[in-house]
*Asks:* 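What follows is a single structure, and I will ask about it in a moment.
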Amino acid sequence: MRVVFLGAPGVGKGTQADRITTQYLVAKISTGDLLREAVRRQTTLGLEAKSYMDDGKLVPDAVVIGLVREKLADPVCANGFVLDGFPRTVPQAEALGSVLNSKGLALDLVVNFEVSREDIVRRLSGRRSCQKCQATFHMDFAPPKVNEMCDRCEEPLVQRSDDRSDAIEMRLKVYDEQTAPLVRYYQERGLLLPLDGSGTANVVFQHLSQELAPYRAV
Ligand code: AMP
(Lines give C-alpha, C1' and ligand atoms only; values in the text may rest on other atoms or scores of the structure.)
Protein backbone atom coordinates (compact mmCIF):
# COMPACT_ATOMS: atom_id res chain seq x y z
CA MET A 1 0.00 0.00 0.00
CA ARG A 2 1.58 3.24 -1.17
CA VAL A 3 -0.94 6.03 -0.78
CA VAL A 4 -1.12 9.79 -0.39
CA PHE A 5 -3.79 11.52 1.73
CA LEU A 6 -4.60 14.84 0.11
CA GLY A 7 -6.93 17.59 1.31
CA ALA A 8 -7.06 20.96 3.01
CA PRO A 9 -5.90 21.32 6.63
CA GLY A 10 -8.56 20.01 9.02
CA VAL A 11 -10.18 17.45 6.70
CA GLY A 12 -9.09 14.59 8.97
CA LYS A 13 -6.08 13.23 7.06
CA GLY A 14 -3.98 12.78 10.19
CA THR A 15 -6.71 10.99 12.16
CA GLN A 16 -7.43 8.62 9.29
CA ALA A 17 -3.71 8.06 8.61
CA ASP A 18 -3.26 6.93 12.24
CA ARG A 19 -6.12 4.47 11.95
CA ILE A 20 -5.19 3.09 8.52
CA THR A 21 -1.54 2.60 9.39
CA THR A 22 -2.55 0.72 12.56
CA GLN A 23 -5.03 -1.47 10.70
CA TYR A 24 -2.83 -2.24 7.69
CA LEU A 25 0.56 -2.20 9.45
CA VAL A 26 2.11 0.28 7.07
CA ALA A 27 4.24 3.32 7.91
CA LYS A 28 2.78 6.78 8.42
CA ILE A 29 4.82 9.65 7.06
CA SER A 30 3.36 12.94 8.27
CA THR A 31 5.49 15.94 7.34
CA GLY A 32 3.52 18.09 9.82
CA ASP A 33 4.34 15.65 12.69
CA LEU A 34 7.99 15.41 11.62
CA LEU A 35 8.31 19.18 11.49
CA ARG A 36 6.54 19.70 14.83
CA GLU A 37 8.88 17.16 16.42
CA ALA A 38 11.89 19.05 14.98
CA VAL A 39 10.49 22.30 16.40
CA ARG A 40 9.99 20.69 19.82
CA ARG A 41 13.57 19.41 19.81
CA GLN A 42 14.85 22.76 18.54
CA THR A 43 16.96 21.14 15.82
CA THR A 44 18.40 23.30 13.02
CA LEU A 45 15.56 22.09 10.82
CA GLY A 46 12.99 22.90 13.51
CA LEU A 47 14.35 26.39 14.01
CA GLU A 48 14.17 27.01 10.25
CA ALA A 49 10.65 25.60 9.94
CA LYS A 50 9.04 27.25 12.98
CA SER A 51 8.32 30.71 11.60
CA TYR A 52 6.77 29.34 8.41
CA MET A 53 4.57 27.00 10.44
CA ASP A 54 3.46 29.63 12.95
CA ASP A 55 2.40 31.88 10.07
CA GLY A 56 0.51 29.04 8.34
CA LYS A 57 2.88 29.13 5.37
CA LEU A 58 4.59 26.19 3.68
CA VAL A 59 8.08 25.17 4.71
CA PRO A 60 10.38 25.35 1.62
CA ASP A 61 10.10 22.40 -0.76
CA ALA A 62 13.76 21.40 -0.46
CA VAL A 63 13.41 20.94 3.33
CA VAL A 64 10.32 18.72 3.25
CA ILE A 65 11.46 16.78 0.19
CA GLY A 66 14.69 15.95 2.07
CA LEU A 67 12.70 14.78 5.11
CA VAL A 68 10.44 12.52 3.05
CA ARG A 69 13.29 11.11 0.97
CA GLU A 70 15.04 10.09 4.20
CA LYS A 71 11.87 8.49 5.60
CA LEU A 72 11.14 6.55 2.41
CA ALA A 73 14.60 4.98 2.63
CA ASP A 74 13.75 3.60 6.08
CA PRO A 75 13.04 -0.16 6.14
CA VAL A 76 9.76 0.52 8.03
CA CYS A 77 8.37 1.75 4.70
CA ALA A 78 9.09 -1.54 2.95
CA ASN A 79 5.59 -2.82 3.73
CA GLY A 80 4.02 0.36 2.35
CA PHE A 81 3.18 3.83 3.61
CA VAL A 82 0.57 6.51 3.97
CA LEU A 83 1.84 10.01 3.21
CA ASP A 84 -0.12 12.54 5.28
CA GLY A 85 0.33 16.19 4.29
CA PHE A 86 2.90 15.52 1.58
CA PRO A 87 3.05 16.41 -1.28
CA ARG A 88 1.61 19.91 -0.92
CA THR A 89 3.02 21.49 -4.08
CA VAL A 90 3.56 20.32 -7.66
CA PRO A 91 7.39 20.30 -7.24
CA GLN A 92 6.93 18.07 -4.15
CA ALA A 93 4.69 15.71 -6.17
CA GLU A 94 7.30 15.54 -8.91
CA ALA A 95 10.09 14.86 -6.43
CA LEU A 96 8.00 12.09 -4.85
CA GLY A 97 7.39 10.55 -8.26
CA SER A 98 11.09 10.48 -9.06
CA VAL A 99 12.15 9.10 -5.65
CA LEU A 100 9.66 6.25 -6.03
CA ASN A 101 10.57 5.72 -9.66
CA SER A 102 14.25 5.40 -8.76
CA LYS A 103 13.27 2.55 -6.41
CA GLY A 104 11.12 0.90 -9.11
CA LEU A 105 7.95 1.85 -7.17
CA ALA A 106 4.83 3.91 -7.85
CA LEU A 107 1.86 5.27 -5.90
CA ASP A 108 -1.26 3.11 -5.78
CA LEU A 109 -3.75 5.82 -4.92
CA VAL A 110 -4.21 9.44 -3.85
CA VAL A 111 -7.22 9.89 -1.56
CA ASN A 112 -8.69 13.38 -1.71
CA PHE A 113 -10.67 14.13 1.47
CA GLU A 114 -13.56 16.49 0.74
CA VAL A 115 -15.03 18.62 3.57
CA SER A 116 -16.87 21.96 3.38
CA ARG A 117 -14.93 25.13 4.25
CA GLU A 118 -17.32 25.89 7.12
CA ASP A 119 -16.69 22.47 8.71
CA ILE A 120 -12.93 22.81 8.22
CA VAL A 121 -12.80 26.11 10.10
CA ARG A 122 -14.93 24.67 12.91
CA ARG A 123 -12.75 21.56 13.16
CA LEU A 124 -9.47 23.48 13.22
CA SER A 125 -10.47 26.26 15.59
CA GLY A 126 -11.82 23.81 18.20
CA ARG A 127 -8.73 21.57 18.32
CA ARG A 128 -6.77 21.42 21.58
CA SER A 129 -4.06 19.08 22.81
CA CYS A 130 -2.16 18.20 25.96
CA GLN A 131 1.52 19.07 25.71
CA LYS A 132 2.41 16.44 28.28
CA CYS A 133 0.70 13.30 26.89
CA GLN A 134 -0.21 14.60 23.38
CA ALA A 135 -3.90 13.57 23.89
CA THR A 136 -6.14 15.50 21.49
CA PHE A 137 -9.56 17.03 22.17
CA HIS A 138 -12.09 19.15 20.35
CA MET A 139 -14.04 21.79 22.23
CA ASP A 140 -17.29 20.89 20.36
CA PHE A 141 -16.92 17.26 19.26
CA ALA A 142 -14.68 15.67 21.92
CA PRO A 143 -14.52 18.15 24.82
CA PRO A 144 -12.45 17.49 27.94
CA LYS A 145 -14.40 16.75 31.15
CA VAL A 146 -13.07 19.90 32.83
CA ASN A 147 -12.85 23.08 30.80
CA GLU A 148 -9.59 23.21 28.74
CA MET A 149 -7.81 20.66 31.00
CA CYS A 150 -6.46 17.26 29.94
CA ASP A 151 -8.64 14.37 31.23
CA ARG A 152 -5.55 12.27 31.95
CA CYS A 153 -2.88 14.69 33.16
CA GLU A 154 -5.04 17.58 34.33
CA GLU A 155 -2.62 19.87 32.48
CA PRO A 156 -4.04 22.94 30.68
CA LEU A 157 -4.78 22.16 27.03
CA VAL A 158 -3.13 24.20 24.33
CA GLN A 159 -4.13 25.29 20.87
CA ARG A 160 -1.64 24.73 18.03
CA SER A 161 -0.22 28.13 17.11
CA ASP A 162 -1.31 27.52 13.50
CA ASP A 163 -4.91 26.74 14.57
CA ARG A 164 -5.51 30.38 15.54
CA SER A 165 -7.89 32.18 13.21
CA ASP A 166 -5.36 34.31 11.29
CA ALA A 167 -3.12 31.28 10.68
CA ILE A 168 -6.13 29.15 9.63
CA GLU A 169 -7.04 31.77 7.04
CA MET A 170 -3.47 31.75 5.71
CA ARG A 171 -3.29 27.92 5.63
CA LEU A 172 -6.50 27.73 3.59
CA LYS A 173 -5.24 30.41 1.20
CA VAL A 174 -1.96 28.53 0.80
CA TYR A 175 -3.91 25.31 0.23
CA ASP A 176 -6.03 26.91 -2.52
CA GLU A 177 -3.03 28.40 -4.27
CA GLN A 178 -0.36 25.72 -3.90
CA THR A 179 -1.93 22.38 -2.96
CA ALA A 180 -5.33 22.33 -4.70
CA PRO A 181 -3.64 22.03 -8.15
CA LEU A 182 -2.53 18.54 -7.05
CA VAL A 183 -6.14 17.34 -7.33
CA ARG A 184 -5.96 17.82 -11.08
CA TYR A 185 -2.35 16.62 -11.21
CA TYR A 186 -3.26 13.23 -9.74
CA GLN A 187 -6.60 13.06 -11.58
CA GLU A 188 -4.72 13.33 -14.86
CA ARG A 189 -2.52 10.44 -13.76
CA GLY A 190 -5.55 8.27 -12.94
CA LEU A 191 -4.66 8.04 -9.26
CA LEU A 192 -7.27 10.26 -7.58
CA LEU A 193 -9.98 8.86 -5.31
CA PRO A 194 -12.38 11.54 -4.00
CA LEU A 195 -13.69 10.65 -0.52
CA ASP A 196 -16.41 12.37 1.48
CA GLY A 197 -14.67 13.39 4.71
CA SER A 198 -17.64 15.16 6.27
CA GLY A 199 -18.92 12.34 8.49
CA THR A 200 -17.64 11.22 11.88
CA ALA A 201 -14.13 9.74 12.05
CA ASN A 202 -15.69 6.25 12.34
CA VAL A 203 -17.87 6.65 9.26
CA VAL A 204 -15.03 8.07 7.16
CA PHE A 205 -12.73 5.28 8.34
CA GLN A 206 -15.25 2.61 7.31
CA HIS A 207 -15.42 3.97 3.74
CA LEU A 208 -11.70 4.56 3.49
CA SER A 209 -10.80 1.16 4.82
CA GLN A 210 -13.01 -0.49 2.16
CA GLU A 211 -11.37 1.55 -0.59
CA LEU A 212 -7.87 0.68 0.60
CA ALA A 213 -8.47 -3.04 1.20
CA PRO A 214 -7.34 -4.04 -2.31
CA TYR A 215 -3.93 -2.47 -1.65
CA ARG A 216 -3.19 -4.23 1.63
CA ALA A 217 0.14 -6.03 1.86
CA VAL A 218 -0.06 -9.78 1.30
P1 AMP B 1 -0.05 19.80 9.03
O2 AMP B 1 0.04 19.23 10.41
O3 AMP B 1 0.04 18.77 7.95
O4 AMP B 1 -1.25 20.72 8.85
O5 AMP B 1 1.25 20.72 8.83
C6 AMP B 1 1.51 21.81 9.70
C7 AMP B 1 2.45 22.79 9.02
O8 AMP B 1 3.70 22.14 8.70
C9 AMP B 1 1.96 23.36 7.68
O10 AMP B 1 1.08 24.46 7.83
C11 AMP B 1 3.29 23.78 7.04
O12 AMP B 1 3.80 24.95 7.62
C13 AMP B 1 4.21 22.62 7.45
N14 AMP B 1 4.15 21.51 6.48
C15 AMP B 1 3.66 20.25 6.67
N16 AMP B 1 3.77 19.52 5.56
C17 AMP B 1 4.34 20.32 4.62
C18 AMP B 1 4.69 20.14 3.25
N19 AMP B 1 4.48 18.99 2.62
N20 AMP B 1 5.26 21.20 2.61
C21 AMP B 1 5.51 22.37 3.24
N22 AMP B 1 5.17 22.61 4.51
C23 AMP B 1 4.59 21.60 5.21
Side-chain angles (χ1 to χ4, degrees), residues 2-21 27-72 77 81-100 107 110-113 115 117 119-129 131 134 136-138 158-183 185-186 197 201:
R2 286 182 284 272
V3 297
V4 165
F5 284 2
L6 190 65
V11 294
K13 302 183 298 289
T15 304
Q16 297 301 331
D18 282 337
R19 293 184 177 208
I20 289 294
T21 51
K28 175 187 169 192
I29 307 177
S30 158
T31 40
D33 287 352
L34 292 170
L35 290 166
R36 274 185 292 278
E37 177 63 18
V39 170
R40 248 194 309 274
R41 291 209 202 150
Q42 300 192 308
T43 62
T44 317
L45 169 75
L47 295 175
E48 186 187 347
K50 188 174 185 323
S51 60
Y52 294 100
M53 296 172 76
D54 284 348
D55 290 347
K57 294 184 181 152
L58 293 186
V59 172
D61 284 341
V63 175
V64 279
I65 289 169
L67 265 181
V68 171
R69 184 176 281 130
E70 200 178 292
K71 276 280 153 188
L72 286 172
C77 290
F81 56 79
V82 172
L83 273 164
D84 158 29
F86 181 95
R88 260 173 152 108
T89 64
V90 171
Q92 290 180 19
E94 288 182 338
L96 174 64
S98 44
V99 173
L100 292 177
L107 288 175
V110 175
V111 182
N112 186 36
F113 291 79
V115 174
R117 235 354 108 90
D119 281 355
I120 286 177
V121 172
R122 189 148 175 238
R123 286 184 187 189
L124 291 174
S125 52
R127 291 203 299 205
R128 300 288 185 279
S129 62
Q131 283 207 305
Q134 316 302 325
T136 54
F137 297 86
H138 192 284
V158 294
Q159 183 176 41
R160 264 171 56 169
S161 49
D162 59 354
D163 279 347
R164 297 183 208 284
S165 63
D166 50 338
I168 291 177
E169 212 175 292
M170 174 58 82
R171 287 161 74 198
L172 292 173
K173 184 169 173 276
V174 164
Y175 169 80
D176 289 339
E177 289 172 4
Q178 301 192 56
T179 310
L182 291 180
V183 173
Y185 179 94
Y186 284 121

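Nothing here was measured: the structure is a model prediction, and the numbers come from that model. All heavy atoms count here, side chains included; hydrogens, waters and symmetry mates do not. We're numbering straight along the sequence, starting at 1. In each ligand, atom 1 is the first atom listed, and ligand 1 is the first ligand listed.
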*Asks:* Of all the heavy-atom pairs spanning Leu6 and Pro87, show the shortest one and how long it is.
*Replies:* CD1-O, 4.0 Å
*Asks:* What residues, two or more places apart in sequence or in another chain, satisfy side-chain contact (heavy atoms from CB on, under 4.5 Å) together with Thr136?
*Replies:* Ser129
*Asks:* Name the residues in contact with ligand 1, where contact means a heavy atom under 4.0 Å away: which are they?
*Replies:*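 Contacting ligand 1 under 4.0 Å are Thr31, Gly32, Leu35, Arg36, Met53, Lys57, Leu58, Val59, Val64, Gly85, Phe86, Arg88, Gln92, Arg160, Asp162, Arg171.
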*Asks:* Should we count CZ of Arg36 as having more than 12 external heavy atoms under 6.0 Å?
*Replies:* yes
*Asks:* Using a strict 4.0 Å threshold on nitrogen-to-oxygen distance, state whether Glu169 and Lys173 make a salt bridge.
*Replies:*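 Salt bridge flag = no for Lys173 with Glu169.
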*Asks:* Quick one: list whatever passes side-chain contact (heavy atoms from CB on, under 4.5 Å) with Glu70, sequence neighbours left out.
*Replies:*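 Here no residue qualifies.
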*Asks:* Listed by chain and number, what are the side-chain contact (heavy atoms from CB on, under 4.5 Å) partners of Val99, not counting sequence neighbours?
*Replies:*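 With sequence neighbours excluded, Val99 shows a side-chain contact (heavy atoms from CB on, under 4.5 Å) to Arg69, Leu72, Lys103, given in chain and number order.
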